[in-house]
Amino acid sequence: YIPLRQAPPAQASLFGDDTPEDTGGAARLQAVAPLFADAAVKKLGHNLKLLWLWAHAAKLSLDGVTFDAMIAAYLIDPTAPHGLADLALD
């Protein structure tokens with residue numbers, strides 16, 4: 001878990017919006033950009049498509065994705081709920 005913004009402003013993006021409530025969002029994003037782009041750093045998670053969309057919107061590369069629990073859950077049972085809380089109960 002990497003917190004990329006401080007207190008969430010009403011309409012802020014994941015990476016912050018550099019409003020007075022969240023100064024430094026762009027700096028935090030740039031700090032993790034090399035990790036996102038490094039395919040040698042394996043990325044495992046849940047719903048990584050959403051992270052990929054955020055990275056793409058910020059013009060960043062997201063390489064090295066090796067496992068997404070949401071996709072795995074879908075492949076096991078496409079009709080079941082695939083939320084993280086649902087998977088934790090299984």
Show me the pairs that pass side chain to side chain donor-acceptor pair (under 3.5 Å) and involve [range], at least two apart or across chains.
range: residues 77-87; result: Asp77-Thr79
range: residues 56-76; result: Ser61-Asp63
range: residues 36-45; result: none

In Å and rounded to the nearest 0.5 Å, what is the NE2 to CD1 distance from His46 to Ile71?
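Separation between the atoms: 10.0 Å.
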
Going by the rule side chain to side chain contact (heavy atoms under 4.5 Å, CB included), which residues pair with Ile76 if we only count those two or more places apart in sequence or in a different chain?
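Ile76 satisfies side chain to side chain contact (heavy atoms under 4.5 Å, CB included) with no other residue.
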
Who pairs with Ala57 by side chain to side chain contact (heavy atoms under 4.5 Å, CB included), at least two apart in sequence or on another chain?
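For Ala57, no residue satisfies side chain to side chain contact (heavy atoms under 4.5 Å, CB included) once neighbours in sequence are set aside.
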
Does Leu44 sit in a hydrophobic cluster with other residues, and if so which ones, taking ILVMFWY side chains as linked at heavy-atom separations under 4.5 Å, directly or through other members?
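When side chains under 4.5 Å apart are linked, the cluster holding Leu44 also contains Phe67.
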
Check for me, please, whether [X] and [Y] land in the same ILVMFWY cluster - side-chain distances under 4.5 Å, paths through other members count.
X: Leu87; Y: Met70; value: no
X: Val32; Y: Trp52; value: yes
X: Leu48; Y: Leu60; value: yes

Heavy atoms, side chains only, cut-off 4.5 Å: are Leu62 and Trp54 in contact?
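Answer no - side chains too far apart.
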
